[in-house]
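This report refers to the structure that appears directly beneath it.
Below, read A as the first sequence line, B as the second, and so on, with proteins coming before strands; counting in each chain starts at 1.
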Number of protein chains: 2
Amino acid sequence: MTQDGRVVRGDQTRQRILDRAMAIASQDGLEGLSIGRLATDLGVSKSGLFSHFGSKEELQVAVVRAAEEVFTHEVVKPALRTTPGLPRLVELCRGWLDYSERRVFPGGCFFYAAGAEFDARPGRIRDLLARARRDWLRLYEQTVRDAQQLGQLDTDVEPAQLAFELDALATAANSAALLLDDALAYQRSRAGIRTRLRALATRPEEVP
Amino acid sequence: MTQDGRVVRGDQTRQRILDRAMAIASQDGLEGLSIGRLATDLGVSKSGLFSHFGSKEELQVAVVRAAEEVFTHEVVKPALRTTPGLPRLVELCRGWLDYSERRVFPGGCFFYAAGAEFDARPGRIRDLLARARRDWLRLYEQTVRDAQQLGQLDTDVEPAQLAFELDALATAANSAALLLDDALAYQRSRAGIRTRLRALATRPEEVP
DNA sequence: AAACTTTAAGCACGAACGTTCTGTTAAATC
DNA sequence: GATTTAACAGAACGTTCGTGCTTAAAGTTT
């Protein structure tokens, strides 16, 4: 869009580029994403595509931002529409696993792939991905805190600790499903999460 | 080594190449590992280096195999020297976290990085990495089974399920430490593992 | 010391990379 | 309807990629 909010032709092309770029990057990485290959895939010229972003790094930044929007739309927003506290915590886990299993991105969770790729490469991309992950963990954390204040969860456990554990179990499913073709991975993850939450819930029978 | 077991000059060069290649690959990925860059780093010619492996994929295969040897030496063997059952299970977790935290590879766990890179790219490398991960999970699994047969762990939990959970908690520490510079990540992981094992141990006070 | 094998360098290749510059076409504005 | 502007295409740049082919040096064996 332009500054005054108009939608122009270039925006559609740009979104088409980013959609394809996210798919490629989730499979082959943000570095493996090459401008020439992307242009060929979309049937446009390399220079025309390039001029939308100005540099490869700007393209990568745009792809990460676009992936954040997808993730927010697919996981965060649905969870925020549910009841705060324990139900929302359950929905965060469920929604994330579902997002990974449904292959919203063909290479599994975009941020798992990109995070592992850039976790040892200082720069803008790493900073962006780190911020995104921190935001996600903070959302877990705040939801745990809410559940504790509502008397639904044991207050002995640190919110950040439980956030870490839930994210760990979910992420591992993504990894095992992709690398090992392990069909049971998501079930294992759900089982692990259920066990942990029931151990901490004041009314365990209400954890689905 | 040659077929008859002699150690020749080329082997030292080859090992020097692989050592540097593992370090690079753990940070920049097996694809980001380029022959030209590797040769420049080591002060040798590109063609000389290349002739040791014959192709890039063969180099990548050799790097993965070399990393397996390092991992076996650093984590698996020490654990196999401890008492079978629960003590060994604890040592597998401790040893892995220590291996990640000590930065045996500068980019953290080699197999975490490479696994995430190739989990959506069919081919030899993916197959190799998948086999390595399966072996690792099976070692966890067998150790859990031993502990159960020795009456140290609750027999209600499936060995593969617990293996999945322990690996998940450990891997998440590697990820958080690298991407988020989270100094607490390893402690969180250890705490999570301890909690889970104590919940399943017949004598919880013996879980360190 | 000579013959032979192993090891590595030198050089060049075609392809793909990110990037820049110059046109051309289509839309928006006047 | 003329003019300006945004959206692309085409061709080429220099660089780096993986990969061969040829040749020199080093080590081993006779």
Side-chain angles (χ1 to χ4, degrees), chain A residues 1-22 24-25 27-64 66 114 117-118 121 123-125, chain B residues 1-22 24-25 27-64 66 114 117-118 121 123-125:
Chain A
M1 281 201 299
T2 54
Q3 288 162 0
D4 54 338
R6 282 169 304 125
V7 174
V8 292
R9 181 168 50 110
D11 293 336
Q12 301 171 32
T13 313
R14 190 185 153 95
Q15 193 55 49
R16 227 171 59 86
I17 294 172
L18 290 176
D19 283 343
R20 186 89 198 89
M22 287 186 283
I24 294 177
Q27 294 177 300
D28 295 348
L30 277 167
E31 224 40 70
L33 171 71
S34 91
I35 296 176
R37 189 257 179 108
L38 185 54
T40 308
D41 268 31
L42 293 167
V44 299
S45 73
K46 225 167 69 162
S47 60
L49 193 156
F50 183 86
S51 65
H52 276 89
F53 304 95
S55 78
K56 168 131 187 205
E57 190 178 327
E58 285 301 325
L59 168 64
Q60 292 174 325
V61 167
V63 172
V64 174
E117 187 180 4
F118 280 86
R121 298 194 209 178
R124 276 183 75 191
I125 310 292
Chain B
M1 280 200 300
T2 54
Q3 288 161 358
D4 52 339
R6 282 172 304 127
V7 173
V8 292
R9 180 168 52 109
D11 293 335
Q12 302 171 31
T13 313
R14 191 185 153 94
Q15 193 55 50
R16 227 170 60 86
I17 294 171
L18 290 176
D19 284 343
R20 186 90 197 89
M22 287 187 283
I24 294 177
Q27 293 177 302
D28 295 348
L30 276 166
E31 222 42 69
L33 171 70
S34 91
I35 296 177
R37 188 257 180 107
L38 185 53
T40 308
D41 268 31
L42 293 168
V44 299
S45 74
K46 224 168 73 161
S47 60
L49 191 155
F50 182 83
S51 65
H52 275 91
F53 304 96
S55 77
K56 168 131 188 204
E57 191 178 327
E58 285 302 325
L59 168 63
Q60 292 174 325
V61 167
V63 172
V64 174
E117 186 180 5
F118 280 86
R121 298 193 209 179
R124 276 182 77 191
I125 309 292

Measure the distance from CZ on A/Phe53 to P on C/dT19 and round it to the nearest whole Å. 13 Å
Given D/dC8, is OP1 or OP2 found less than 4.0 Å from the side-chain N or O atoms of A/His52? yes
Nearest to side-chain heavy atoms of B/Ser51, which nucleotide of D/dG18, C/dA8, C/dT19: C/dA8
d(CZ, A/Arg16; P, D/dA7) in whole Å: 15 Å
Report the distance from atom CG of A/Leu59 to atom P of C/dG18, rounded to the nearest whole Å. 9 Å
CG of A/Leu30 versus C1' of C/dG18: gap in Å, rounded? 16 Å
For B/Phe50 and D/dG18, give me the distance from atom CZ to atom C1', rounded to whole Å. 6 Å
Strictly distance-based, threshold 3.5 Å: is any side-chain N or O of A/Gln27 a donor or acceptor partner for the main-chain N or O of B/Arg121? no
Is there, by distance only and without an angle test, a donor paired with an acceptor across the side chain of A/Lys46 and the base of D/dG10 below 3.5 Å? no
B/Val63 pairs by side chain to side chain contact (heavy atoms under 4.5 Å, CB included) with which of B/Leu33, B/Leu38, B/Asp19, B/Ile17? B/Leu33
Can you check the A/Lys56 NZ to D/dT15 P distance for me, whole Å? 19 Å
So, OP1 or OP2 of C/dG10: does either fall under 4.0 Å of a side-chain N or O from B/Ser45? no
To the nearest Å, give me how far apart CG (B/Leu38) and P (C/dA8) are. 13 Å
With a 3.5 Å cut-off and heavy atoms only, can you find an N or O donor on one side and an acceptor on the other between the side chain of A/Ser47 and the base of D/dA9? yes
If you only use heavy atoms from C-beta on, which nucleotide in C/dA9, C/dT19, D/dC17 is closest to the side chain of B/Val44? C/dA9
From NZ (B/Lys56) to CD (B/Gln60), nearest 0.5 Å: 5.5 Å
Whole angstrom is fine here: how far is it from CD1 in B/Ile35 over to P in C/dC17? 17 Å
